[in-house]
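Below you'll find the structure, written out as structure tokens, and then a few comments.
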Amino acid sequence: MTQPAAPVRLAVIPGDGVGPEVIEATVPVMRAAVTAEGGELQFDELDWGGERFLREGAVMPADAAAVVRQHDAVLFGAVGRPDVPDHELVWGLIIGLRQQLDLAVNVRPVRAFSGVPTKVRDTDGVDLVIVRENTEGEYVGAGGLAHAGTGHDLGIEVAVHSRRVIERAAHHAFTLAEQRSGRLSLVTKSNAMRYGYPLWDRVVTEVAEQYPGVELEIVLVDAMAARMIQAPRSLDVLLAGNLFGDILSDLAAVLAGGMGMAPSANILPGGDAPGIYEPVHGSAPDIAGRGVANPVACLLSGALLLEDLGHTRAAHDIRQAVGGALLDPDHHTPDLGGNATTADLATAVLNRMET
Ligand code: NAI
Ligand code: MG
């Protein structure tokens, strides 16, 4: 197998709360995986996040997108802290970067690992992936406030759905479905919303003609929420807009053992923007600082990153090592019902990388 010769240059944004804890657990594992195949990783750590916001009034520098573009990809922990309004940090950093870099889709694979207990029964063999549109929909940032402070305050949040953006998300989802089982479920809400989601249904049905090997179904989001619990193995690739994709991916994470288990990739398929790879979870302030966060979501995000950069062997090795470590309940963090620390689980994974 040929490997990319140049060192891989990564930006690392640990962020807030458990972000730095799971990043610290992940970086050595990624390094070990790439070193084992004769490659080299370089990490530039960026101090973007809540602390910077409190210090300097901005969560990241004005030229953040340009800084990111000097790298091959970004590994991101999470942002959010109780003493800063959420929208300042989440919008200021991750949603902002997704838009500035035009990272079209957020790919969120969910896989049940053997030996990991779940709150939902009968999840063995669950293996699905949510392709979430990442730049428009309800998170496009259009709207405003009227009558502020009068007691009759009015909030207007406008959802935007455009053909170009639906098409590019759809092409990525169909391509994935072709590589997997050939089944694609589009999630919309066209019975109650009359413009944006019917447009999704039409455009995705048109795109489907280019992928004769993929069977498309259109499912209403509320029905999909129930089906994900009742029949999760009936699902393979889900395509959803920004809001529904966000909500359903937390639900899907529960099928794999919880928020600590779900990785994601923000990417522009076929484009030249660096991808941003991050756990689906946030900064988890309720457990931050105790060293007990589950690092698996971040480790698997690292594997996605390496896979997308062509280091498929390193990505495979990380997934194997994570799967192996999770077989032993002694390595389970408290969210999985165990007593292991973040470092215990990360060390168990690292040991498997080195054997
Ligand atoms: P959250 O994902 O941080 O936490 C939800 C629940 O999952 C909590 O009980 C938490 O303890 C648990 N959890 C999360 N990650 C875990 C891990 N690695 N191991 C074990 N348990 C874990 O979501 P929440 O509480 O709604 O938000 C907290 C903060 O994070 C907020 O400020 C929010 O805005 C921000 N946030 C940031 C995101 C990002 O940076 N991409 C995404 C989601 C939320
Ligand atoms: Mg979310």
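Here the structure is a predicted model, which means the values were calculated and not measured. Numbering of ligands and ligand atoms starts at 1, following listing order.
Contact annotation: the side chain of W48 approaches that of P61 to within less than 4.5 Å [non-hydrogen atoms, C-beta and beyond]. Side-chain contact check for L304 versus P109: some heavy-atom pair is nearer than 4.5 Å. Side-chain contact check for R31 versus F43: some heavy-atom pair is nearer than 4.5 Å.
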>> Applying salt bridge (charged side-chain N to carboxylate O under 4.0 Å, His left out) to R313 and E307, what does each step give before you reach the verdict?
In response: CA-CA 8 Å; R313 176 73 213 217; E307 186 167 58; over 6 Å; no
>> Using the rule given for salt bridge (charged side-chain N to carboxylate O under 4.0 Å, His left out), can you reason through R52 versus D16, listing the C-alpha separation, both sets of side-chain angles and the distance that settles it, and then say yes or no?
In response: CA-CA 10 Å; R52 192 180 201 282; D16 306 318; over 6 Å; no
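Atoms CH2 and OG, from W200 and S162 in turn, are 9.0 Å apart once rounded to the nearest 0.5 Å. To the nearest 0.5 Å, the span separating CG on L268 from CG on D102 amounts to 5.5 Å.
Relative orientation of the Y197 and F244 rings is parallel, given thresholds of 30° and 60° on the angle between their planes.
Residues of the protein with a heavy atom under 4.0 Å from ligand 1 are F76, A78, V79, G80, D86, V90, I94, M259, G260, E278, V280, H281, G282, S283, A284, P285, D286, I287, A293, N294, D335, listed by chain and number.
At a cut-off of 2.8 Å, measuring from the Mg ion (ligand 2), the protein N, O or S atoms that fall short of it are D246 OD1, waters left aside.
F113 carries R111 over the face of its six-membered ring, with the cationic atom under 6.0 Å from the centre and within 45° of the normal.
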